[in-house]
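Take a look at the structure set out below.
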Amino acid sequence: MFTGIIESLGTVKNIVRASHSFSIEIQSDFNEKLVLGESIAVNGVCLTVAEFSGSVFKADVTPETFSRTSLKILRPGSFVNLERAMKADGRFGGHIVSGHIDGTGRILAFSKNENAVNIQFSMEKKLGDFMIEKGSVAIDGISLTVASLKWSGSTCVIFAAVIPHTWSNTVFSKKKPGDLVNIECDIVGKYIRHFTLEEKNEG
């Protein structure tokens, strides 16, 4: 379980690829706090620490994760958002984030608005159906509020305002329009929609 509050920017040091899976080595600034087998969110994707030495930890990316997420486009030198799993006695600063990505979207545009950076993201309908104005979404593991949204055919476009701290301390400042991002829809909304549709289908 995560909260979408990014703890650190990591750097990809090495990737060993198979056809649809790979192992990845990431340099972080909190390796002395890691425990073998613990969960860590990498750009919002829940991975397991398989090895660690010095400032570098290693994790495995399965074919399922490869197919559903943007991790497949990472290269040595890429920056990634990192968040360790939430402590039971910790503050819940963002929203409930599982680290299980629902799909990917793309950055459409950035625009400055005084102290905020407004970012537009596009996504397909199956993800857009879970977006509501002022609702929560995790994008590349970052807990964001949907400021507004609009539809363009079968594509949903959401707008989010990013504060200076988030902009400076996450991968957003390294991104450009067209870049792929991981999207995790609000888990509460997913359950409600599932049970509502199930009841309709049974009726």
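Tracing side-chain contacts under 4.5 Å through hydrophobic residues (I, L, V, M, F, W, Y), one reaches Val45 starting from Phe57; they form part of the same cluster. In the hydrophobic clustering of ILVMFWY residues, with side-chain heavy atoms under 4.5 Å counting as a link, Val16 and Leu74 come out apart. At a threshold of 4.5 Å between side-chain heavy atoms, the hydrophobic network of Ile, Leu, Val, Met, Phe, Trp and Tyr places Val162 and Val137 in one connected group. Both Ile192 and Ile187 are assigned to one and the same hydrophobic cluster, defined by single-linkage of ILVMFWY side chains at heavy-atom distances under 4.5 Å. The hydrophobic clustering, which links ILVMFWY residues whose side-chain heavy atoms are closer than 4.5 Å, places Met123 and Ile107 together.
Counting heavy atoms from C-beta on, the side chains of His20 and Ser67 never come closer than 4.5 Å. The shortest distance between side-chain heavy atoms of Arg84 and Leu34 falls below 4.5 Å. Looking only at side-chain heavy atoms (C-beta outward), Val61 and Leu47 come within less than 4.5 Å of each other. In this structure the side chain of Leu9 reaches within 4.5 angstrom of the side chain of Val171, judged on heavy atoms.
Of all heavy-atom pairs spanning Asp60 and Ser23, the tightest one is OD1-CB, 3.5 Å. Heavy-atom minimum distance, Asp102 versus Cys185: OD2-N, 2.7 Å. Minimum interatomic distance between Lys13 and Pro76 (heavy atoms only, all atoms of both residues): O-CB, 3.9 Å. Contact record, Thr3 with Val97: C-CG2, 3.8 Å, taken as the closest heavy-atom pair. Nearest heavy atom pair, residue Ser39 against residue Phe2, reads CB-CZ, 4.1 Å. For the pair Ile26 and Gly10, the tightest heavy-atom approach, listed with the atom from each and the gap, is CG2-CA, 4.2 Å.
To the nearest 0.5 Å, the span separating CG on Leu149 from SG on Cys156 amounts to 5.0 Å. Between the OG atom of Ser122 and the NZ atom of Lys150 there is a distance of 11.0 Å, given to the nearest 0.5 Å. Rounded to the nearest 0.5 angstrom, His100 NE2 and Glu64 CD are separated by 10.5 Å. We find the OG1-CD1 distance between Thr65 and Ile101 to be 9.0 Å, quoted to the nearest 0.5 Å. The CD atom of Gln120 sits 8.5 Å away from atom OG of Ser148, with the distance rounded to the nearest 0.5 Å. Note that CD1 of Ile73 and OG of Ser78 are 7.5 Å apart. Values are rounded to the nearest 0.5 Å.
A donor-acceptor pair under 3.5 Å is absent between the side-chain atoms of Glu38 and the main chain of Ala85, judged by distance alone. Lys175 contributes no side-chain N or O that, together with a main-chain N or O of Pro177, makes up a donor-acceptor pair within less than 3.5 Å.
Within 6.0 Å of the NZ atom in Lys176, the count of heavy atoms belonging to other residues, nucleotides or ligands does not exceed 12. Heavy atoms from other residues, nucleotides or ligands lying under 6.0 Å from NZ of Lys58 number 12 at most.
Under the side chain to side chain donor-acceptor pair (under 3.5 Å) rule, Ser70 has a single partner from Asn43, Asn182, Asp179, which is Asn182.
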request  = With side chain to side chain contact (heavy atoms under 4.5 Å, CB included) as the test, would you mind laying out the steps for Leu144 and Phe172 before giving the verdict?
outcome  = CA-CA 12 Å; Leu144 296 175; Phe172 282 160; 4.0 Å; yes
Residues Ile183, Met131; criterion side chain to side chain contact (heavy atoms under 4.5 Å, CB included); working and verdict = CA-CA 11 Å; Ile183 297 175; Met131 301 297 143; 4.2 Å; yes
task = Could you walk me through whether Val12 and Arg75 pass the side chain to side chain contact (heavy atoms under 4.5 Å, CB included) test, one step at a time?
result = CA-CA 7 Å; Val12 176; Arg75 298 290 184 270; over 6 Å; no
key: CA sep, side-chain torsions, deciding dist, call: Val42, Leu82, side chain to side chain contact (heavy atoms under 4.5 Å, CB included)   = CA-CA 5 Å; Val42 178; Leu82 300 176; 3.9 Å; yes
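Classification of the Phe110-Trp167 ring pair by plane angle, with boundaries at 30° and 60°, yields perpendicular.
Gln27 and Thr11 are not linked by any side-chain donor-acceptor pair at a separation below 3.5 angstrom, with hydrogens and angles left out of the test. At a cut-off of 3.5 Å, with distance as the only test, no side-chain donor of Thr170 or Asn81 sits close to an acceptor on the other residue.
Residues satisfying the salt bridge (Lys or Arg N to Asp or Glu O under 4.0 Å) test with Glu25, not counting sequence neighbours, are none.
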